[in-house]
A.B. asks: 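First the structure, which I've put down as structure tokens, then a few questions once you've had a look.
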Amino acid sequence: MKIPAIKTTHKIIFGDSRYMDEIEDESVHLVVTSPPYPMIQIWDDLFKSLDDRIREKWEELEQTTDENEKERIAYQIYELMHEVLLPVWKELYRVLIPGGIACINIGDATRKVNGIFRLFPNHSKIIEHFEKIGFVTLPYILWKKPTNKPNAFLGSGFLPTNAYVTLDVEYILIFRKGGPRRFKPKDPYRYASKYTKEERDRWFSQIWNDIRGVRQNHSALARRTAAYPEEIPRRLIRMFSIIGDTVLDPFLGTGTTTKVAIELKRNSIGYEIDPNLEPVIKEKIGANQRRIDSPFEVRFIHRGQ
Ligand SMILES: C[S@@+](CC[C@H](N)C(=O)[O-])C[C@H]1O[C@@H](n2cnc3c(N)ncnc32)[C@H](O)[C@@H]1O
């Protein structure tokens, strides 16, 4: 079906997404995001900077010698990290339209606390929080990461019983605000956004094992993005939005969601707390080479300026 050419707009806001005052209620159609993962070491400092209670608990953990107490404090830190994410999830409920969808890419964490290896099941904590807010939980996707370390099994070699299962999947949790979204009959943008049968069969099955990883790069900045190949937002945006919709990423990182939204003719809004990522985002979305007649407009907004 033919649709008129559209110009999309993309806002990149450098600020904390626990408050998204720049976005009106019920104005976003889809959320695609990957938050910092609680209890994964590379995000420890960020969580400490976002909540003093987390910083204090880490200090307490380091000073305690009592083993049971250490276990208890580690669990409190895990819960506090999820509490830091909670205001963002509440904002998503406010800004999504009825029937709008939120896709959250999250991995669980394993970590030794007090010398004992254990799992922190981030995905289950996020489901619990979204349900408390009022979201409807939909069947989720397990994204099986291509393993680049086939021998990285933890535990006791080939002898039962003390080996651990490797964490080689991430979750793409899918939530909806209320019942299914409504469209006007024969909406031309919806028809123009159709996927093929082959795409439908592959994308709507629960295990995705055909996504290639992004090349490993060891700079601290690049490590944050290594876990988010473009193919993930590309599929999710095509599965759960139509041309002309607005897609939000409250944890934008290097701007992968914006890049794919531009490519798929969706509008977008991204929040990123770290202003040092501005040049990386600009490079990724080609903001420096844009022509005056280009089919999209990008605005970089620094809060308080
Ligand atoms: C896992 S990374 C996202 C990677 C991203 N998918 C990409 O393509 O690069 C999470 C990002 O969220 C940012 N962040 C964490 N807490 C935030 C907050 N409260 N508000 C805005 N950004 C935040 C971090 O600085 C980090 O860049």
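The first residue in the sequence is number 1, and the count goes up from there.
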A.B. asks: What are the two closest non-hydrogen atoms of Leu277 and Gly253, and how far apart are they?
C.D. replies: CD1-O, 3.6 Å
A.B. asks: Determine, for Trp203 and Arg238, whether the Lys NZ or Arg CZ falls below 6.0 Å from the six-membered ring centre while staying within 45 degrees of the axis.
C.D. replies: no
A.B. asks: Check whether any side-chain heavy atom of Ile97 sits under 4.5 Å from a side-chain heavy atom of Ser27, and report yes or no.
C.D. replies: no
A.B. asks: If you define the side chain from C-beta out and look only at heavy atoms, does anything of Ile12 sit under 4.5 Å from Arg299?
C.D. replies: no
A.B. asks: Between Asp25 and Arg94, does at least one N-O distance fall below 4.0 Å, as a salt bridge requires?
C.D. replies: yes
A.B. asks: Does Asn267 reach the main-chain N or O of Thr9 with its side chain, forming a donor-acceptor pair under 3.5 Å?
C.D. replies: yes
A.B. asks: Treating Ile, Leu, Val, Met, Phe, Trp and Tyr as nodes and any side-chain heavy-atom pair under 4.5 angstrom as an edge, say whether Leu236 and Leu138 lie in one connected cluster.
C.D. replies: yes
A.B. asks: So does Glu24 have more than 12 non-hydrogen atoms from other groups sitting under 6.0 Å from CD?
C.D. replies: no
A.B. asks: Among Ile269, Asp21, Leu252, whose side-chain contact (heavy atoms from CB on, under 4.5 Å) with Ile13 holds?
C.D. replies: Ile269
A.B. asks: Centroid separation under 6.0 Å, is that true for the rings of Phe204 and Tyr195?
C.D. replies: yes
A.B. asks: Is the shortest distance from a Lys or Arg side-chain nitrogen in Arg111 or Asp44 to a carboxylate oxygen in the other one below 4.0 Å?
C.D. replies: yes
A.B. asks: Is there a continuous path of hydrophobic side-chain contacts, each under 4.5 Å between heavy atoms, that joins Ile42 to Ile273?
C.D. replies: yes
A.B. asks: Do Ile243 and Ile6 make a side-chain contact, defined as non-hydrogen atoms from C-beta onward lying under 4.5 Å apart?
C.D. replies: yes
A.B. asks: What closest approach, in Å, do His10 and Thr258 show between heavy atoms, and which atom pair accounts for it?
C.D. replies: CB-CG2, 4.1 Å
A.B. asks: Do Tyr78 and Ile116 share a hydrophobic cluster (ILVMFWY, side-chain heavy atoms under 4.5 Å, transitive)?
C.D. replies: no
A.B. asks: Please tell me whether Leu167 and Ile172 are part of a single hydrophobic cluster in this structure, the criterion being side-chain heavy atoms less than 4.5 Å apart.
C.D. replies: no
A.B. asks: In plain terms, say whether Arg18 and Glu91 are close enough for a salt bridge, that is, a side-chain N and a carboxylate O under 4.0 Å apart.
C.D. replies: no
A.B. asks: Work out which heavy atom in Thr257 is nearest to a heavy atom in Ile237; give both atom names and the distance.
C.D. replies: O-CD1, 4.4 Å
A.B. asks: With clusters defined by side-chain heavy atoms of hydrophobic residues (ILVMFWY) lying less than 4.5 Å apart, directly or transitively, does Phe47 cluster with Leu86?
C.D. replies: yes
A.B. asks: Is any side-chain N of the basic residue among Glu59 and Arg55 closer than 4.0 Å to the acidic one's carboxylate O?
C.D. replies: no
A.B. asks: Can you name the one residue among Tyr228, Trp143, Tyr37 that meets side chain to side chain donor-acceptor pair (under 3.5 Å) with Glu170?
C.D. replies: Tyr37
A.B. asks: So, Asp201 and Lys197, do they make that salt bridge, N to O below 4.0 Å?
C.D. replies: yes
A.B. asks: Taking atom OH of Tyr19 as the centre, does the number of heavy atoms from other residues, nucleotides or ligands within less than 6.0 Å exceed 12?
C.D. replies: no
A.B. asks: Cut-off 3.5 Å, side chains only: do Thr256 and Lys284 have a donor facing an acceptor?
C.D. replies: yes
A.B. asks: Give me the atom names and distance for the closest heavy-atom approach of Ser205 to Ile141.
C.D. replies: O-CG1, 4.4 Å
A.B. asks: Set out, in order, the CA-CA distance, both residues' side-chain angles and the distance that settles salt bridge (Lys or Arg N to Asp or Glu O under 4.0 Å) for Asp210 and Arg235, then state yes or no.
C.D. replies: CA-CA 12 Å; Asp210 57 346; Arg235 284 187 190 185; 3.0 Å; yes
A.B. asks: Measure the CZ-OH distance between Arg303 and Tyr271 for me, rounded to the nearest 0.5 Å.
C.D. replies: 5.5 Å
A.B. asks: Does NZ in Lys70 sit with more than 12 non-hydrogen atoms of other residues, nucleotides or ligands closer than 6.0 Å?
C.D. replies: yes
A.B. asks: Charged N to carboxylate O under 4.0 angstrom, Arg53 versus Glu56?
C.D. replies: no
A.B. asks: Measure from NZ or CZ of Lys177 to the centre of the six-membered ring of Tyr93, then state whether that distance is under 6.0 Å and the direction lies within 45° of the axis.
C.D. replies: yes
A.B. asks: Between atom OG of Ser268 and atom CG of Asp249, what is the distance when rounded to the nearest 0.5 Å?
C.D. replies: 9.0 Å
A.B. asks: Hey, what do you get for CG (Leu142) to CG (Leu173), rounding to the nearest 0.5 Å?
C.D. replies: 9.0 Å
A.B. asks: Is it true that the NZ or CZ of Lys7 lies under 6.0 Å from the centre of Phe296's six-membered ring and within 45 degrees of the ring axis?
C.D. replies: no
A.B. asks: Would you give the length of the straight line joining atom CZ of Phe130 to atom CZ of Phe175, rounded to the nearest 0.5 angstrom?
C.D. replies: 5.0 Å
A.B. asks: Checking side-chain polar atoms at under 3.5 Å, does Asp274 have a donor or acceptor matched by the opposite partner on Asn276?
C.D. replies: yes
A.B. asks: Got a donor-acceptor contact below 3.5 angstrom from the Asn122 side chain to the Gly107 backbone?
C.D. replies: yes
A.B. asks: Distance from Lys11 atom NZ to Thr246 atom OG1, nearest 0.5 Å?
C.D. replies: 8.5 Å
A.B. asks: Drop me the distance from Trp89's CH2 to Ile126's CD1, to the nearest 0.5 angstrom.
C.D. replies: 5.0 Å
A.B. asks: Could Glu60 and Lys57 be called an ion pair, given the rule that one side-chain N must be under 4.0 Å from one carboxylate O?
C.D. replies: yes
A.B. asks: Evaluate the salt bridge (Lys or Arg N to Asp or Glu O under 4.0 Å) criterion for residues Arg181 and Asp245: first the C-alpha distance (whole Å), next the side-chain angles of each, then the deciding distance (0.1 Å), finally the verdict.
C.D. replies: CA-CA 13 Å; Arg181 178 170 165 190; Asp245 273 359; 2.9 Å; yes
